[in-house]
Amino acid sequence: MRRNFEILGLCMGWFAVLAQLYLMIQNREAGIAESLVRFFSFFTILTNTLVALFFTTQVFGADQKRSALFHKKTTPIALTTFIVVVGVVYQFVLRKIWDPTGLQMVVDELLHTIIPAFMYVYWLMFCARTVVAWKHLSKWLLYPLGYLVFVMVRGQFSGFYPYPFLNVDELGFGPTLLNVFFVLLLMLLIMVALYLLGKLLQPRQ
């Protein structure tokens, strides 16, 4: 059953990411190079790509030295944390600002609803009982922190911010910094919640 889950995760993940890339290139407002940079400036895309890569390494048994990141004990819970954050932020903050149709609607639901829920169920069924150390898991918070620094710095030069709640030009520095704080706090809280849930599910020694 686990392998079937991983194959399905691989297929959904790559379809959603590649289909979104196709749609963005088709509807681009800048050159190809800039459009590609903007594409990978979305936390949604980066995190869904990591999830797709994770399932790919599980299905094909990639060389553990070359794909060490995806074989770490902390990787499933960390990716679950970040993809769940993608889903939560979209449902409560971003869903109301646009109304996609056709293929874009399908891809949108995959990226922001179906894959986050799927990854959570996968972690709960197959990885939650794995013993992980908080000191190792917490290092994963460098990923969203580094992402936010990159987006904010690049936005100052390019004028492009992937999410409206990060747009310093429109919101101002203070409100944007507060939004960044709340996003990071949400990630920390979800990571702690999953870590504690894993502790509860682990068999007593």
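Everything quoted here is computed from the prediction, not taken from an experiment.
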>> Does Phe15 form a ring pair (Phe, Tyr, Trp, His ring centres under 6.0 Å) with Tyr22? I'd like the steps, not just the answer.
In response: CA-CA 10 Å; Phe15 172 79; Tyr22 166 77; over 10 Å; no

> Hey, mind stepping through Phe5 and Phe55 against ring pair (Phe, Tyr, Trp, His ring centres under 6.0 Å) and telling me if it holds?
Replying inline: CA-CA 9 Å; Phe5 261 75; Phe55 283 125; 8.7 Å; no

> After noting the C-alpha distance and the side-chain angles of Leu141 and Leu188, does the key distance pass the side-chain contact (heavy atoms from CB on, under 4.5 Å) rule?
Replying inline: CA-CA 8 Å; Leu141 292 171; Leu188 177 61; 3.9 Å; yes

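Distance CG/Leu36 to CD/Glu34: 9.5 Å, rounded to 0.5 Å. Note that NZ of Lys72 and OG1 of Thr130 are 15.0 Å apart. Values are rounded to the nearest 0.5 Å. Note that CG of Leu148 is 13.0 Å distant from CZ of Phe181, once rounded to the nearest 0.5 Å.
Side-chain atoms of Tyr122 never come within 3.5 Å of backbone atoms of Ala117 as a donor-acceptor pair (strictly under, hydrogens ignored). Of the possible donor and acceptor atoms, none in the side chain of Tyr90 sits under 3.5 Å from a partner among the backbone N and O of Leu111.
Smallest separation of non-hydrogen atoms from Arg129 and Leu124: NH1-O, 3.9 Å. Between His112 and Gln91 the shortest heavy-atom distance is O-NE2, 3.2 Å. When every heavy atom of Ser41 is checked against every heavy atom of Val151, the shortest pair comes out as O-CG2, 3.8 Å. Among all heavy-atom pairs drawn from Pro76 and Met119, the shortest one is O-CE, 3.8 Å. Closest heavy-atom contact between Thr176 and Met152: CG2-CE, 3.3 Å. Taking both residues in full, the closest heavy atoms of Ile115 and Ala16 are given as CD1-CB, 4.0 Å, listed atom of the first, atom of the second, then distance.
Phe182 and Leu184 are members of different hydrophobic clusters when ILVMFWY side chains are connected at heavy-atom separations under 4.5 Å.
For the residue pair Thr47/Tyr143, the side-chain donor-acceptor check at 3.5 Å is satisfied. Under 3.5 Å, the side chains of Tyr195 and Ser138 contain no donor-acceptor pair of N or O atoms.
Looking at heavy atoms from C-beta onward, Ile77 lies out of side-chain contact with Met191 at the 4.5 angstrom threshold. With a 4.5 Å cut-off on side-chain heavy atoms, Phe60 and Leu10 count as touching.
Around CD of Glu29, the count of heavy atoms belonging to other residues, nucleotides or ligands within 6.0 Å does not exceed 12.
Ring-plane geometry between Trp140 and Phe82 is classed as tilted, the angle between the planes lying from 30 to 60 degrees on a 0 to 90 degree scale.
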